[in-house]
Number of protein chains: 2
Amino acid sequence: MPLTIDRERNPARSRAAILDAAEKLFAEKGYDATSLSEVGAAAGVSRGTPGYFFGSKQELYDAVLERCFEEVRQAVRAGRARAMASQQPPEAILAGAVSDYFDFLAARPNFIRLIERRALREGGTSPVGEQLSAGQEALAAISAELGLDDAPSGDAAQLLLSIIALCWFHLIHAQTVAPAVGVSLEEPADLERRKRHVVGLVLYGLRGLERPAATLTTAPAHD
Amino acid sequence: MPLTIDRERNPARSRAAILDAAEKLFAEKGYDATSLSEVGAAAGVSRGTPGYFFGSKQELYDAVLERCFEEVRQAVRAGRARAMASQQPPEAILAGAVSDYFDFLAARPNFIRLIERRALREGGTSPVGEQLSAGQEALAAISAELGLDDAPSGDAAQLLLSIIALCWFHLIHAQTVAPAVGVSLEEPADLERRKRHVVGLVLYGLRGLERPAATLTTAPAHD
DNA sequence: AGTAACTTGCTGGTCAACAAGCAAGTGCCA
DNA sequence: TGGCACTTGCTTGTTGACCAGCAAGTTACT
């Protein structure tokens, strides 16, 4: 193993460093505002190295996204296995899953911002492969565990989308919408409080889905 | 009135046209990817006119945002007045308000994308004045109408944030997350179905808030 | 009324800055 | 010697800011 200090040639290391730096910069500043020079500098390589390894800026971006989605799919798979192995009642499993997902997203600001930016960059792009399989796995898990309708746009899918929305939105808008409506998210205790609210909302919503004959006095909107 | 066709000088008209074009382009493509030349072309004026009226690109962007927030505040005010005038029970009022807000956002793709992009552009920016007053008005309305705790980060604020999240998220991720979890939002009927789900979820959640002693078997997360 | 002085709305040329991509290097190791 | 892992120089294109200029009013003054 001939290596002097740290400045040896190590393509795998360089590649990973570039990927890490690009993920951070793309997430924080967006695609257009990030230059390959910046990525190189943040990765500790020269201006041209990102291009050398990934061909073009667009391909680097794609590689960053792919790696992110793969991580999510792994997490969904692990969470599902754990939920199926546990012997708790469905409600408790759902509560645990929502709580875990809430924490999972909160711990990955880069990921959220990347996906969010991607959704904004021309909404006409369909979900990428990894994203789709992660979603399908989560849908299968939730419908099987809770005995809900797993048809397209059915109860399980709607509930899953709501869970994602509730665990997601406040992370993007923590500095804007949340304080505007009087929700603070600065301290860990604030986040915990938000989490309890979200879990509670989902559980009560689930009860509503299980008893669909309940009297919901949905007044027709005036339009 | 010496004017031949339509090419007369009209600063108010030019200003508004530039603002309209900039709103559309900033919402669709983002700040960086939009050039002042494009804005000028879309507004039917020359390349230099946006800069002439607004000084700099950043100031044009600020002006666009300010106009948007003002519109929202007007809408919140009107909705609140209508809700207070109606003589329906609180649950029906809430259902109507959520339904209206759902439709309000769905009808304003520019607005949503602008706010979303703003939240991503350096999360360190606090809510702008108009945004804050709109949020405070909505909070006051919801806590008064439903008799909920209106303290900072209290029940009313949490519920309001959840309502916004639920009415908002699917519009940003209609092409990505939603199809990945099996929710279609292509047809108006799909949107209607989503709306019913959201309204139902909020109403059941409200019942949970009103009976806080309910047995919520929130299993502690395994971490 | 007429005209000269001035302001305002708007245009298009120019320029410095910077980015992406390519190609020609440079040094290291097998 | 050859190929791999980079770096550096350069080209080309784009963008925002600035500026000079012009034409359509508008005001002031005779």
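Chain identifiers are assigned alphabetically (A, B, ...) following the order of the sequence lines, protein sequences preceding nucleic acid strands; residue numbering begins at 1 within each chain.
- Applying the salt bridge (Lys or Arg N to Asp or Glu O under 4.0 Å) test to residues at least two apart or on different chains, none of the pairs has a partner in residues 162-188 of chain B.
- One can find a donor-acceptor pair under 3.5 Å joining the base of D:dC4 and the side-chain atoms of A:R9.
- A heavy atom closer than 4.0 Å to some atom of DNA chain C occurs in A:T34, A:S35, A:L36, these being the qualifying members of residues 29-39 of chain A.
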- [ ] Go through the steps for A:Q136 and A:S133 under the test side-chain hydrogen bond (donor to acceptor under 3.5 Å, both in side chains), then give the verdict.
- [x] CA-CA 5 Å; A:Q136 290 302 318; A:S133 69; over 6 Å; no

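- Between B:F102 and B:H170, the ring centre distance stays below 6.0 Å.
- In this structure, B:W168 and A:H173 have perpendicular ring planes: the angle between them is above 60°, well past the 30° mark.
- For the pair B:I18 and B:D20, the minimum side-chain heavy-atom distance is 4.5 Å or more.
- Between the CD1 atom in B:I93 and the CD1 atom in B:I142 there is a gap of 11.5 Å [rounded to 0.5 Å].
- OP1 or OP2 of C:dT11 sits under 4.0 Å from a side-chain N or O of B:T49.
- Relative to the side chain of B:P11, the nucleotides D:dC10, D:dA5, C:dC10 differ in distance, and C:dC10 lies closest.
- Among the atoms of the strands shown, none is found under 4.0 Å from any heavy atom of B:G51.
- What separates CZ of B:R13 from C1' of C:dC10 is a distance of 15 Å, to the nearest Å.
- Within a heavy-atom distance below 4.0 Å of DNA chain C, the residues of residues 52-66 of chain A found are A:S56, A:K57.
- Between A:Y31 and A:Y61, the distance from one ring center to the other falls under 6.0 angstrom.
- Of the inter-residue distances, the one linking B:Q158 atom CD with A:K195 atom NZ reads 13.5 Å to the nearest 0.5 angstrom.
- Taking 3.5 Å as the limit, the base of D:dG16 and the side chain of B:R47 contain no donor-acceptor pair of atoms between them.
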